[in-house]
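Naming: A, B, ... by sequence-line order, numbering from 1 per chain. Quantities reported herein were computed from a predicted structural model and do not represent experimental measurements. Atom set for the values below is all heavy atoms of this structure, side chains included, hydrogens, waters and symmetry mates excluded.
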Amino acid sequence: MAIILFATMMSTKYPNNSTSSLRAGSGQDLPKAYNPKETEDRIYKLWEESGYFNPDNLPKRHKKPFSIVLPPPNVTAALHMGSALMLAIEDVMIRFERMRGKKALWLPGTDHASIATEEKFLKDTKISKRDYVAKRQEFIDLITEFALKNQTIILGQMRAMGSSLDWSRLKFTLDPDSIDAVHEAFIRMYNMGLIYMGSGKVVNWDPRGQTVVSDDEIEYEPGKATLYTFRYSKDFPVAISTTRPETKVGDTAVAVHPDDERYKRYINRTFSVNFTGVNLSIKIVGDPSVDPAFGTGAVGVTPAHSLADSEIASRHNLPSQQVINEYARMNKEAGPLLSDKKTMEARKIIIDHLRKQGLIEKEEIVDQNIPKAQRSGGIIEPLPKKHQFFVNVNKPVEKRNGKTIRELLKEVVEAKKIKILPERFEKVYLNWVENLRDWSISRQIWYGIRPPVWYKPQASADDNLEYTVSKTKPAGEGWEQFNDTLDTWFSSGLWTFSTLGWPKKTGDLKTYHPTDVLETAYDIIFFWVARMILMSQVLIGEIPFKTVYLHGLVRDEKGRKISKSLGNNIDPVSMINEYGADAVRMAMIIGTSAGNDSKVSSDKFRAYKHFANKLWNISRFILMNIPETEGIRKAKLTEQDKKIAEEQAKLIKDITQDMENFRFYLAGEKTYHYVWHTFADKIIEESKEKLASKNPEIKASTQKILLELLINSLKILHPFMPFVTEEIYSKIPGNKGKILMIEEWPS
RNA sequence: GGGCGGUUAGCUCAGUUGGUAGAGCGCGUCUCUUACACAGACGAUGUCGCAGGUUCAAGUCCUGCACCGCCCACCA
């Protein structure tokens, strides 16, 4: 039915073969509609075979280097629309700079993303890590297989987007040279005293993921909790308040404000109490961090299970007693009543006990944020853990004039050595630096890079571990490498220079570092952007990039965040298949300003698909009216046509400025508007009469101006819509063998 | 508790340095005209969240407020 209808439409529309009446010209060979599917693979192959993705192969005019490293996608899954936006913007920048004569390098890579990949793998396969305790290598092999499968998909998606990445420089964070760079970085920072092993520091423990996580990997979920006010025992002089009574068996002190008249006389006295069958020795200390107005003004200090309390404890030399283990259960030290109970069960038991003893003075419901591990969702249990490595952010770095990491991080942005766009994120960044604590880099994840640290499991006492830091196994018997792996951001923090060959002194490093732009989503400004600045400051004394351009998050049609659990992920390749890569790119870029979230909508994709087709038909019309180009190029422009050329030159100047100032959405929109509503609707419409003119000068001038406008339009559109413009460019008579991708940007 | 963003046409969103509002989709009428119906011509629709202020002039700058959203800190 549909087919018949279509055929009828066609026949009524074109009763007599209308194309045959057209003048001779290559345009008549072109189909009526642009076909992205038929074009894209062919054009991408043409680009790849030209070798020009690799800046080393670019013609001589490309002198000044321009470089961007691609934020390496995690090999957890196929790319989503956010990555498509990233690829589109970065390819626009690279193609623009390449055409302007820069030696443009866009360096591709992927990230093993240790914790994220491991979590995703476990979820997808329903494998239990416990079953592999004795078979760690087997487990790693399975994840590697999973990761490589995703990597293959990802690299295909990047190509489908038209990304002009230099594949000859492709990197993966687990490549041998990348691992070597990580080891080198670790060793250097260790020797500089910037990496240290904590001895039982309180860490953020994720009982579900069974690993330590950094402060940045915690998300807070709003919730309610009961705040209990009670005394440890009847004869204890002060009452304390807590939402976590189960931790109180680990208390070693009560802190009050030093000037609090109510408690002043007890300060520095120690009391012995029996609390739920456990004998506690509680010292009352005066500490200015205590707010006398909150609760009773007295805090039970649990050094082992609270970061804040551990800080109080270190100020007063208090002992620490761990009572909760790594499975979020009470340990033996919690006493026979609580031992081996889950923390929530223990809480009930303690509350029952306190009620029976009449020790509770007050119960109230309060708002409380529950800290959860970002990846696994496990509730964070602060606890002391041995043999964990940290990056010291407050230690003076000798090679950097004695400035600390925190100072260095602050300085480069405040002094505008690194520009962050949109500017408001500078504040966000600086606020993070202000609150920065030592960076915990040890993870109990298996899929990742182990630190270059060796120890003797048999010979070493747990408390006094003998270890050595070196790339290779030390001489002698019994040495084994640490089982922990490093935070995935430790390796990606090196990305701008490890991908260029560091620690070797390569030509690439000299030519392309610091990179020009780091383009990424704003949600990894702390995880990644800040860590890259940190690593390059400390290890090579350079900034990693001159400008940070942050794009927003891509949301679904309802404005929701794209997530696996909502199942609202859209595969960019399915959109490309439906609308063409050029349309997807345009739709992602236009109407999306820096740092602001955007929504995907099929309407928008369709609109830009229509635009690609419009451009196609504009070109078809012009090519139909231009039999050859040589004579036309020699023709003289009429005054009127000169004006038209000037107007286009003005627009080009304008959009060039927009491009230079990272206003791609404006440049794209202006170009779109010009091509459709000025070039097609006005100039071409008016040209029809002139092309039919008996005056050969008018006709020649018209042909010349149309061709010029078309060529320039193709050039300025090329960064946005590389496929269709390249395809049309190759159809212009006289362009055989030319590649639009490296043609000169018009001015 | 601190900080940030948004509030502009029915919907989704642009609006670069202040000069009486734009795009896409949608809507109405007409149109096979030397390319394109994935099109063209014409058209309707906004007191630019609210209240003040600066200015010859404010969506655009300043102050306050409301609602929506985000980030950071985290008090036991």
Distance test, side-chain N/O of Arg424(A) to OP1/OP2 of C4(B), below 4.0 Å: no
Cationic N near anionic O, under 4.0 Å, Asp641(A) to Lys704(A): no
Donor-acceptor pair (no angle test) under 3.5 Å: Lys688(A) side chain, A35(B) base: yes
Residue-phosphate contact under 4.0 Å: Lys32(A) side-chain N/O, A39(B) OP1/OP2: no
N-O pairing of Arg244(A) and Glu381(A) below 4.0 Å: yes
Span that lies between the P atom of G52(B) and that of C13(B), in whole angstrom: 30 Å
Most 5' of Arg606(A) and Ala612(A) on RNA chain B, judged by nearest nucleotide: Arg606(A)
Nucleic acid contacts of residues 426-435 of chain A, taken as heavy-atom distances under 4.0 Å to RNA chain B: Lys427(A), Asn431(A), Asn435(A)
Between C1' of C71(B) and CD1 of Ile420(A), the distance in whole Å: 14 Å
Spacing of the C1' atoms in A14(B) and G24(B) (rounded, Å): 10 Å
C1' spacing across the pair G19(B) / C4(B), given as an integer number of angstrom: 30 Å
Closest nucleotide among C71(B), A35(B), G24(B) to the Met624(A) side chain: A35(B)
Where protein sits on nucleotides 9-16 of chain B, one letter per nucleotide: B base, S sugar-phosphate only, - none, heavy atoms under 4.0 Å: ---SSSSB
Of Trp439(A), Trp489(A), Trp432(A), the residue whose pairing with Asp216(A) passes side-chain hydrogen bond (donor to acceptor under 3.5 Å, both in side chains): Trp432(A)
Rounded distance in Å between the C1' positions of G59(B) and U47(B): 12 Å
Results of side chain to side chain contact (heavy atoms under 4.5 Å, CB included) for Lys416(A) - residues two or more places apart only: Glu423(A), Glu426(A)
Pair Ser593(A)-Asn596(A), side-chain donor/acceptor within less than 3.5 Å: yes
Pairwise side-chain contact, Thr229(A) with Ile360(A), heavy-atom cut-off 4.5 Å (strictly under): no
Carboxylate-amine/guanidinium contact Glu727(A) Lys731(A), below 4.0 Å: yes
Contacts of Arg375(A) that satisfy side chain to side chain contact (heavy atoms under 4.5 Å, CB included) - sequence neighbours left out: Asn74(A), Ile115(A), Ala116(A), Glu119(A)
For RNA chain B, the dot-bracket pattern of Watson-Crick and G-U pairs whose distances stay under 3.5 Å, | for other-strand partners: (((((((..((((........)))).(((((.......))))).....(((((.......))))))))))))....
Whole-Å distance separating the NZ atom of Lys614(A) from the P atom of A39(B): 7 Å
Test: Glu685(A) and Lys682(A) ion pair at under 4.0 Å: no
Any side-chain donor near an acceptor of the partner, Asp251(A) and Tyr232(A), under 3.5 Å: yes
Candidate pair Tyr549(A) and Phe664(A), rule ring-ring contact (aromatic ring centres under 6.0 Å, His included), full reasoning: CA-CA 11 Å; Tyr549(A) 179 93; Phe664(A) 312 110; 5.7 Å; yes
Distance test, side-chain N/O of His610(A) to OP1/OP2 of A39(B), below 4.0 Å: yes
Value in whole Å for how far the C1' atom of U34(B) lies from NZ of Lys690(A): 15 Å
Span that lies between the C1' atom of G5(B) and that of A44(B), in whole angstrom: 33 Å
Per Asp291(A) side chain, nearest of listed nucleotides C36(B), C75(B), G40(B): C75(B)
Contact residues, residues 215-227 of chain A to RNA chain B [heavy atom, < 4.0 Å]: Tyr220(A)
Polar contact flag, side-chain donor to acceptor under 3.5 angstrom, Ser314(A)-Glu311(A): no
Donor-acceptor pair (no angle test) under 3.5 Å: Asn369(A) side chain, C74(B) base: yes
Closest to side chain of His673(A), choosing from A41(B), A23(B), G24(B): A23(B)
P-based separation of G1(B) from C61(B) [nearest Å]: 28 Å
Lys/Arg-Asp/Glu bridge criterion (N-O < 4.0 Å) met for Lys372(A), Glu219(A): no
A41(B) and C36(B), which share atom name P, separated by this distance in whole Å: 15 Å
Nearest-Å distance once atom C1' is located in both C27(B) and U45(B): 9 Å
Any donor-acceptor N/O pair under 3.5 Å between A41(B) base and Glu685(A) side chain: no
Between Asp287(A) and Ser289(A): side-chain donor-acceptor atoms closer than 3.5 Å: yes
Aromatic ring pairing Tyr674(A)/Phe679(A), orientation class (parallel under 30°, perpendicular over 60°, tilted between): parallel
